[in-house]
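Let me begin by presenting the structure, written as structure tokens, before commenting on it.
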Amino acid sequence: MNSHIASTLTGVPDPFILFGHSMGALLAYEMAQQLQAAGTRQPALLILSSREPPHCRSRVDPSRSQWPVGDFLKQVRRYGGLPQALEDSPELLELFLPVLRNDFALLDRYCFEASAPLASPLFVVGGEEEPDFRLEQLQEWERYSQCWIGARCFKGGHFYLNEPAARQNLLGSIHQVVNTHCLHHLAW
């Protein structure tokens with residue numbers, strides 16, 4: 001796996017930043033871990049969004065991806081990520097339901113294996129109204145990096161970044177973090 005991840009970076013300009021939201025935050029974290037373990041290029045910055053650290057993961061029913069459609073959709077609605085157009089179209093819903101179920105199954109079956117803290121700087125962000133974890137848990141990501149930058153919350157829920165004002169604030173925060181912590185890596 002390490003060599004596969006390292007080979008995917010061939011042609012990626014140096015330096016690079018990884019950003020992951022929700023399940024993507026765990027994927028970005030795991031990718032950064034694999035890169036570090038392989039001794040290859042590492043991100044100049046890792047930004048994780050809307051995900052509590054693995055040791056704080058909320059307890060969920062690992063079979064929820066297989067719940068009846070109504071119960072499963074109620075769970076998805078908690079996150080605010082189900083567009084009305086999708087709910088209003090049985091054909092679209094039938095098309096996307098397996099994708100949503102697979103996302104939940106992958107996330108619910110994630111097994112964390114502790115490893116050395118990342119050398120990459122780590123910045124964590126999230127919405128003020130997360131349904132599955134307390135905002136103070138974002139601060140717990142500090143133990144996962146040797147270069148902790150901090151955590152910041154924005155108005156909104158799990159998909160806070162879909163709101164224009166929150167997205168603008170997020171981009172401003174990322175710009176500030178890059179200028180403060182990564183400028184020496186960048187060529188612009």
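Keep in mind it's a predicted model, so treat the numbers as computed, not measured.
In this structure, the side chains of Leu106 and Asn102 stay at 4.5 Å or more apart for every pair of heavy atoms. No side-chain heavy atom of Ile17 sits under 4.5 Å from any side-chain heavy atom of Pro43. Counting only heavy atoms from C-beta outward, the side chains of Gln139 and Trp148 approach each other to under 4.5 Å. Arg152 has its side chain within reach of Phe123: a pair of non-hydrogen atoms, C-beta onward, lies under 4.5 Å apart. Between Tyr29 and Leu118, some side-chain heavy-atom pair lies under the 4.5 Å cut-off.
Closest of all the heavy-atom pairs between Leu82 and Arg77 is CD2-CG, 4.1 Å. Asp108 and Arg64 get closest at one heavy-atom pair: OD2-NE, 2.6 Å. Counting all heavy atoms, side chain and backbone alike, Ser120 lies closest to Ser145 at O-OG, 2.8 Å. Scanning both residues, Cys153 and Leu138, for their nearest heavy atoms gives SG-CD1, 3.9 Å. Here the closest non-hydrogen pair linking Gly127 and Leu135 is O-CD2, 3.0 Å. Considering all non-hydrogen atoms of both residues, Ser50 and Glu130 come closest at OG-OE2, 2.8 Å.
Put simply, the side chain of Ser49 never gets that close to the backbone of Phe19: no donor and acceptor are under 3.5 Å apart. In this structure, Gln33 contributes its side chain and Ala116 its backbone to a donor-acceptor pair below 3.5 Å. For the pair Trp141 (side chain) and Arg51 (backbone), a donor-acceptor distance under 3.5 Å is present. Looking at Ser22, its side chain never comes within 3.5 Å of a backbone N or O of Gly24 through a donor-acceptor pair. The main-chain N or O of Gln36 is never found under 3.5 Å from a side-chain atom of Gln42 such that the two would form a donor-acceptor pair.
Phe133 and Leu48 fall within the same hydrophobic cluster, where Ile, Leu, Val, Met, Phe, Trp and Tyr residues are linked whenever their side-chain heavy atoms come under 4.5 Å apart, directly or through other members. Both Leu46 and Phe16 are part of a single hydrophobic cluster, where members link through side-chain heavy atoms under 4.5 Å apart. Note on Met23 and Trp67: separate hydrophobic clusters, where clusters join Ile, Leu, Val, Met, Phe, Trp and Tyr whose side-chain heavy atoms are under 4.5 Å apart, directly or indirectly. In the hydrophobic cluster analysis, where Ile, Leu, Val, Met, Phe, Trp and Tyr join through side-chain heavy atoms closer than 4.5 angstrom, Tyr110 is grouped together with Val124. Following chains of ILVMFWY side-chain contacts shorter than 4.5 Å, one can reach Phe104 starting from Leu86, so the two form part of one hydrophobic cluster.
The structure places CD1 of Ile149 at 8.5 Å from OG1 of Thr180, a figure rounded to the nearest 0.5 Å. We find the CD1-CG distance between Ile47 and Leu18 to be 9.0 Å, quoted to the nearest 0.5 Å. Rounding to the nearest 0.5 Å places CG of Asn169 at 12.0 Å from CG of Leu161. One finds the CD atom of Glu142 at 11.0 Å from the SG atom of Cys147 (value rounded to the nearest 0.5 Å). To the nearest 0.5 Å, atoms CG (Leu26) and CZ (Arg57) are separated by 6.5 Å. For the atom pair CD of Gln66 and CG of Asp61, the computed distance is 10.5 Å after rounding to the nearest 0.5 Å.
Judged by a 6.0 Å distance limit and a 45° cone about the ring axis, Arg101 is positioned over the six-membered ring of Phe72.
In summary, the aromatic rings of Tyr144 and Phe112 are positioned with their centroids under 6.0 Å apart.
Not counting sequence neighbours, Arg167 has no partner by the salt bridge (Lys or Arg N to Asp or Glu O under 4.0 Å) test. Under the rule for a salt bridge (Lys or Arg N to Asp or Glu O under 4.0 Å), the partners of Glu140 that lie at least two apart in sequence or sit in another chain are Arg143.
Applying side-chain contact (heavy atoms from CB on, under 4.5 Å) to Asn179 and the options His175, His181, Gln176 leaves one that passes, His175.
Atom CZ of Phe96 has 12 or fewer neighbouring heavy atoms from other residues, nucleotides or ligands inside a 6.0 Å radius. The number of heavy atoms from other shown groups lying within 6.0 Å of CD (Glu113) does not exceed 12. A 6.0 Å sphere centred on CD of Glu128 holds more than 12 heavy atoms belonging to other residues, nucleotides or ligands.
Between Tyr79 and His158, the ring planes lie perpendicular to each other; the angle is over 60°, past the 30° to 60° tilted range.
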*Derivation and outcome, side-chain contact (heavy atoms from CB on, under 4.5 Å), residues Val125 and Tyr160*: CA-CA 10 Å; Val125 293; Tyr160 70 93; 3.1 Å; yes
*Kindly indicate, with the supporting measurements, whether the criterion side-chain contact (heavy atoms from CB on, under 4.5 Å) is fulfilled by His21 and Phe159.*
CA-CA 9 Å; His21 177 79; Phe159 287 102; 3.7 Å; yes
